[in-house]
2 protein chains.
Amino acid sequence: MLSKRHSDILKILETEGTATIAALADRLGVSLETVRRDVKPLTEAGTLTRVHGAVGLAGQLGEAPFQKRMRENAAAKQVIARAVAGMVRDGDSLMLDTGTTTSFVARELTDHRRLTVVTNSTDIARILATRNGNRVFLAGGALRPDSGAAFGKSALDFIAGFRVRLTILSVGAVDETGLMDYDLEEAELARLMLTRADRRAVVTDHTKFGRAGLIRVAGFDGIDALVTDHPPPPAIATALTAAGAALTLPLLRCENTPAGGG
Amino acid sequence: MLSKRHSDILKILETEGTATIAALADRLGVSLETVRRDVKPLTEAGTLTRVHGAVGLAGQLGEAPFQKRMRENAAAKQVIARAVAGMVRDGDSLMLDTGTTTSFVARELTDHRRLTVVTNSTDIARILATRNGNRVFLAGGALRPDSGAAFGKSALDFIAGFRVRLTILSVGAVDETGLMDYDLEEAELARLMLTRADRRAVVTDHTKFGRAGLIRVAGFDGIDALVTDHPPPPAIATALTAAGAALTLPLLRCENTPAGGG
DNA sequence: GCATAAAAATCACAAAAAGCCACATTGACG
DNA sequence: CGTCAATGTGGCTTTTTGTGATTTTTATGC
């Protein structure tokens, strides 16, 4: 029989990759034995793999540099992602570019319904495509080995065919002149996505402030919101205000995070 | 008959996703039994999914249909997948279509290196894209909610631009006249993939034998190998032999299955 | 290499929760 | 007043969960 916890466990593992039995028991508020019992049929069916003390999604144990980057500063990214998810309504149309933070955003959007999502990230597409009546449009092509996303002309052409209410971008660096990136194709795609939406939000953790980006993506004009975890340096804050962009600083509160990750 | 409480329950679940019977009873100010009675016709109609202790909207609770199909007959599919993986060498070029069995194949290919993979399945792409120096070409477009794969003209055009050594197909049904499918677009894509490879392998578990498929994909001519878990009915075996296709039956007991005539 | 301790998994059994059925009560309506 | 549908209640069954004893696995010391 399938219990509600089964889907809860799958959902947790989808975002975390792996978890110990003890951690799952703690998070779900049940005993170790109960988690073991829940996990058993899922491992037998091959959905989950088990190692002594922990479980993980079958196809995902020991993976990719991208997954590794997902773990860096994960708590901050998740808080940022949750804040952005709060800007999205059921039935909304979105564009998301490739990035660890936008992947977190996708994970925070798993409870939304009837979303229309346009992206070039297979990670984001995979998370949202089979859920809650969402429609997902994925730009195909040659996938980058690091991120599993498609770039290049065909991706640009594909994205150009859509118009959405909200574009959510991650960036490689932010200085007082605007948004910067390290990769030409990523920057081109980001620029395009900015033109294809009514509203534009940028997600970035504080480590990106003041970095020296290589390629300019855009200024702050036309950016509606910058969502981040720590207040930016004064120069950037001033530039944001001057451009009329809202600065969203979600509070890192521990009591109200059901996921518990911090 | 639809009572007011029915719509109330639906409304609550629309925002909450899932709820326990007790919570609903409490919120609606009626007894547990009444809620159970209300919920019953809705689950029977398929609007709601019910598990011990809770109800949820049909899509919200439980696993995605694709995941569910991945669990059905998983052991057999994995054995089949391992056998097919044995037909693939490092550096090979492959096409894989969307299907639970081909997704298993992708998982069995995670130790191969420098593969060139062309597919329309985001699941397969995700597994192989960020690994071992593989190159993955993914057909984009609107993703099917059930499988997370792209179909349609743009996918066909994309696939048509490649030529590989080996195409690995899953099919919906096999009868003595050849390979069948239930979906027109899937069948069209499969047909195309068959023309874009030097060699062609078909993976299928024994439950597909003798099923009544809707759309014809291809005959056995030109199929180099059919990999399955149980011997097919005589009529199909005869047709295979007549067409010169090899039949690969990996042994379920063996840990290390031989590549078998591939 | 083997013994030992610690962590984790498994098993069996009792308690709790949830579900189900039959029957009584209520209230609307002709 | 009788009928009928809807709801609540109590008894009973089924499922699920937690606990503690026991076994297995993993790590560690000699």
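Hydrogens, waters and symmetry mates play no part in the numbers below; they use all other heavy atoms, side chains included. Residue numbering restarts at 1 for every chain, and letters A, B, ... go by the order of the sequence lines.
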For atom [atom1] of [X] and atom [atom2] of [N], their distance in whole Å:
{"X": "Asp26(A)", "N": "dG18(D)", "atom1": "CG", "atom2": "P", "value": "13 Å"}
{"X": "Leu24(A)", "N": "dA9(C)", "atom1": "CG", "atom2": "C1'", "value": "15 Å"}
{"X": "Glu33(B)", "N": "dG19(C)", "atom1": "CD", "atom2": "P", "value": "10 Å"}
{"X": "Leu32(B)", "N": "dT9(D)", "atom1": "CG", "atom2": "P", "value": "10 Å"}
{"X": "Arg36(B)", "N": "dG10(D)", "atom1": "CZ", "atom2": "C1'", "value": "13 Å"}

Please identify each residue that fulfils salt bridge (charged side-chain N to carboxylate O under 4.0 Å, His left out) with Arg69(B), with sequence neighbours left out. none
Side chain of [X], heavy atoms from C-beta onward: which of [options] has the nearest atom to it?
{"X": "Thr34(A)", "options": "dT17(D), dT15(D), dT7(D)", "answer": "dT17(D)"}
{"X": "Arg5(A)", "options": "dT17(D), dT19(D), dT7(D)", "answer": "dT17(D)"}
{"X": "Arg50(B)", "options": "dA9(C), dT16(D), dC20(C)", "answer": "dC20(C)"}
{"X": "Val30(B)", "options": "dG8(D), dA9(C), dT17(D)", "answer": "dG8(D)"}
{"X": "Ile21(A)", "options": "dC20(C), dT9(D), dA9(C)", "answer": "dA9(C)"}

Over its full length, what angle do the end axes of the helix from dG1(C)-dC30(D) to dG30(C)-dC1(D) make, each axis taken from five pairs and the result rounded to 10 degrees? 20°
Minimum heavy-atom distance between Ser147(A) and Thr130(B), given as atom pair plus value: C-CG2, 4.5 Å
Exceeds 12 heavy-atom contacts within 6.0 angstrom, atom CZ of Arg89(B): no
Can Lys11(A) and Asp8(A) be counted as an ion pair, charged N to O under 4.0 angstrom? no
Carboxylate-amine/guanidinium proximity below 4.0 Å for Arg144(A) and Asp183(A): yes
Regarding dG19(C), can its base be found pairing with the side chain of Arg37(B) as donor and acceptor, where the two atoms are less than 3.5 Å apart? no
Looking only at side-chain N and O atoms, does Ser121(B) offer a donor or acceptor that is under 3.5 Å from a partner on Asp123(B)? no
Under the rule for ring pair (Phe, Tyr, Trp, His ring centres under 6.0 Å), what residues qualify as partners of Phe137(A), not counting sequence neighbours? Phe162(A)
Assign each of His52(A) and Lys40(A) to its nearest nucleotide of DNA chain C by heavy atoms, then name whichever residue's nucleotide is nearer the 5' end. His52(A)
